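For reference, the structure discussed in these notes is given below.
Nothing here was measured: the structure is a model prediction, and the numbers come from that model.
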Amino acid sequence: MQHTEDEIERAAQRFEHLADELDPDAVEVDVTDDLREVAVISEALRADEVHLRETVNMARARGRSWNQIALALGVSRQAARQRFADKARA
């Protein structure tokens with residue numbers, strides 16, 4: 001939906017009015033550095049999980065056994081298969 005020139009002009013005027021009324025000294029700022037860090041690390045973990053799954057898929061495609069993969073992961077063969085087997089076949 002496109003807005004008319006008149007609608008855009010009215011919105012710009014409302015924004016200017018709100019900006020003029022804003023008192024920076026009265027605004028309470030919530031520091032969110034900790035939450036930002038949680039989000040960054042969470043995204044890195046998701047990316048690492050995708051990379052790990054791709055790497056396991058490649059290892060399986062190259063004929064690596066679940067025992068070899070499990071050893072590289074530091075888990076049991078059963079744990080490696082349970083975590084990656086359904087995805088490795090896809």
Anything under 3.5 Å between a donor and an acceptor, one on a side chain of residues 10-18, the other on a protein residue two or more places apart or in another chain? List them.
unit_1	atom_1	unit_2	atom_2	d
Arg10	NH1	Asp6	OD2	2.3
Gln13	NE2	Glu9	OE2	3.2

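Grouping the Ile, Leu, Val, Met, Phe, Trp and Tyr side chains by contacts below 4.5 angstrom, directly or via other members, places Phe84 apart from Met58. The hydrophobic cluster containing Val75 also contains Ile69, counting ILVMFWY residues as joined when their side-chain heavy atoms lie under 4.5 angstrom apart, directly or transitively.
Interatomic distance, OG of Ser65 versus CZ of Arg77, reported as 8.5 Å (0.5 Å rounding). Between Leu35 atom CG and Ser42 atom OG the span is 12.0 Å, to the nearest 0.5 Å.
Side-chain atoms of Asp33 and Arg36, non-hydrogen and from C-beta on, do get closer than 4.5 Å to each other.
Through direct or relayed side-chain contacts under 4.5 Å between Ile, Leu, Val, Met, Phe, Trp and Tyr, Leu45 connects to Ile41.
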Determine, stepwise, if the pair Trp66 / Val56 fulfils side chain to side chain contact (heavy atoms under 4.5 Å, CB included). CA-CA 9 Å; Trp66 283 114; Val56 168; 4.0 Å; yes

Could you give me the CA-CA distance, side-chain angles and deciding distance for Asn57 and Arg60, then say whether side chain to side chain contact (heavy atoms under 4.5 Å, CB included) is met? CA-CA 5 Å; Asn57 288 341; Arg60 289 293 292 157; 5.8 Å; no

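Among residue pairs with one or both ends in residues 42-52, those qualifying as salt bridge (Lys or Arg N to Asp or Glu O under 4.0 Å) are Glu43-Arg46, Glu49-Arg53, Glu49-Arg83; sequence neighbours excluded.
Heavy-atom neighbours of Gln68 CD from other residues, nucleotides or ligands within 6.0 Å: above the threshold of 12.
For Gln82 (side chain) and Ala79 (main-chain N/O), no donor-acceptor pair under 3.5 Å exists by modelled atom type.
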